[in-house]
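I have placed the structure first, in the form of structure tokens, so that the comments after it can refer back to it.
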Amino acid sequence: PRLRGAAEAGLGVWRRVRVLVRLRRVQAELLSHRAKTFLTVLQMKKILLVEDNEMNRDMLSRRLIRRGFEVAIAVDGRQGVEMATTETPDVILMDMSLPEIDGWEAKRMIKGNPQTGAIPVMGLTAHAMAGDREKCLAAGCDEYGSKPVDFAELIEKIQRLTGESE
């Protein structure tokens, strides 16, 4: 009945079939795009930001979220160690000068725990002095960053640590 109505309207049966086929292709492409978007959300990398300075926390977390990362925040070393277990982040950005437990000890505790030991830790420090990078890496950090943070460089390092490229 539908095709007869289309033929009577001057559209012709074959034209109607072609329109339906094109419509199905467009629907399939739209579903494919939605599925890819959904999978991207599912694959969003989680970062645990361990930072006691409110301004640094706010600036970094906002920019990371805008770049598509999920961000969990700890305000001291003790909370950072706990959240490394409960949040299971893909990467930890760790200020090395923290209250409660400093970043050096928190990193040792995280790396010493079989549940969290494989999580890459990037040490962040405002002590941009010669040898800081080497000290940080020698202490077991997987990467190093100085403050103020060069955001483009930070993203590159995070991508390297998570095995992604932009």
Side-chain angles (χ1 to χ4, degrees), residues 27-166:
Q27 287 173 333
E29 287 174 20
L30 181 59
L31 286 173
S32 174
H33 175 72
R34 285 183 179 160
K36 286 177 186 171
T37 303
F38 180 69
L39 288 174
T40 300
V41 169
L42 286 180
Q43 295 172 354
M44 184 179 353
K45 298 296 181 185
K46 182 187 280 190
I47 295 176
L48 172 57
L49 175 61
V50 188
E51 173 64 65
D52 63 321
N53 181 288
E54 185 177 356
M55 223 165 37
N56 289 343
R57 269 194 322 264
D58 185 56
M59 183 272 301
L60 278 174
S61 63
R62 285 175 188 246
R63 292 185 78 184
L64 289 166
I65 290 167
R66 264 189 261 135
R67 287 299 297 257
F69 294 99
E70 181 181 348
V71 180
I73 298 174
V75 297
D76 61 50
R78 186 175 315 283
Q79 188 179 34
V81 171
E82 292 168 6
M83 289 180 73
T85 303
T86 60
E87 295 291 328
T88 59
D90 296 293
V91 136
I92 298 171
L93 302 181
M94 174 86 65
D95 179 12
M96 300 314 281
S97 300
L98 293 166
E100 297 289 323
I101 300 172
D102 69 18
W104 304 101
E105 181 60 26
K107 188 263 327 145
R108 274 191 285 282
M109 293 170 76
I110 289 167
K111 290 295 189 177
N113 180 341
Q115 190 177 349
T116 58
I119 301 170
V121 177
M122 180 173 173
L124 299 174
T125 179
H127 310 293
M129 296 170 40
D132 278 348
R133 182 179 197 286
E134 291 74 23
K135 179 182 174 188
C136 203
L137 296 176
C141 287
D142 300 282
E143 189 54 82
Y144 165 82
S146 63
K147 296 180 194 176
V149 173
D150 176 334
F151 195 71
E153 186 179 297
L154 177 70
I155 294 298
E156 286 176 18
K157 290 177 179 182
I158 290 170
Q159 288 173 334
R160 264 197 314 271
L161 289 172
T162 59
E164 288 190 351
S165 60
E166 190 143 40

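In this chain, residues are counted from 1 in sequence order.
- Annotation: side chain of C141 is in contact with side chain of K107 (closest heavy-atom distance under 4.5 Å).
- The CD atom of E51 lies 4.5 Å from the CG atom of N56; values are rounded to the nearest 0.5 Å.
- Looking only at side-chain heavy atoms (C-beta outward), I110 and M94 come within less than 4.5 Å of each other.
- The shortest side-chain heavy-atom distance between R67 and L64 does not fall under the 4.5 Å cut-off.
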Which atom pairs, donor and acceptor, lie under 3.5 Å between side-chain atoms of residues 69-76 and protein residues at least two apart or in another chain?
residue : atom : partner : partner atom : Å
D76     : OD1  : R78     : N            : 3.1
D76     : OD1  : Q79     : N            : 2.7

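- Interatomic distance, I119 CD1 to I92 CD1, rounded to the nearest 0.5 Å: 4.5 Å.
- Atoms CD1 and CD1, on I158 and I47 in that order, are 3.5 Å from each other to the nearest 0.5 Å.
- Here the closest heavy-atom approach between residue I101 and residue L98 is recorded as O-CB, 3.5 Å.
- Partners of K135 by side-chain contact (heavy atoms from CB on, under 4.5 Å), not counting sequence neighbours, listed by chain and number: W104.
- The nearest pair of heavy atoms linking P120 to L161 is CG-O, 3.7 Å.
- Between K147 and L124, the shortest heavy-atom distance links the atoms CE-CB, 4.0 Å.
- From M122, atom CE reaches atom CE of M96 across 11.5 Å, with rounding to the nearest 0.5 Å.
- Ion pair R57/D95 not flagged as a salt bridge, since none of the NZ, NE, NH1 or NH2 atoms sits closer than 4.0 Å to an Asp/Glu carboxylate oxygen.
- How far CD of E100 is from CG of D102: 11.5 Å, rounded to the nearest 0.5 Å.
- In this structure, CG in L49 is found 10.5 Å from CG in D58, a value given to the nearest 0.5 Å.
- Counting heavy atoms from C-beta outward, V121 and K111 have side chains that approach closer than 4.5 Å.
- L154 has its side chain out of reach of K157: every pair of non-hydrogen atoms, C-beta onward, lies at least 4.5 Å apart.
- Evaluation of the side chain to side chain donor-acceptor pair (under 3.5 Å) test over residues 112-124, restricted to residues two or more places apart or in two chains, returns none.
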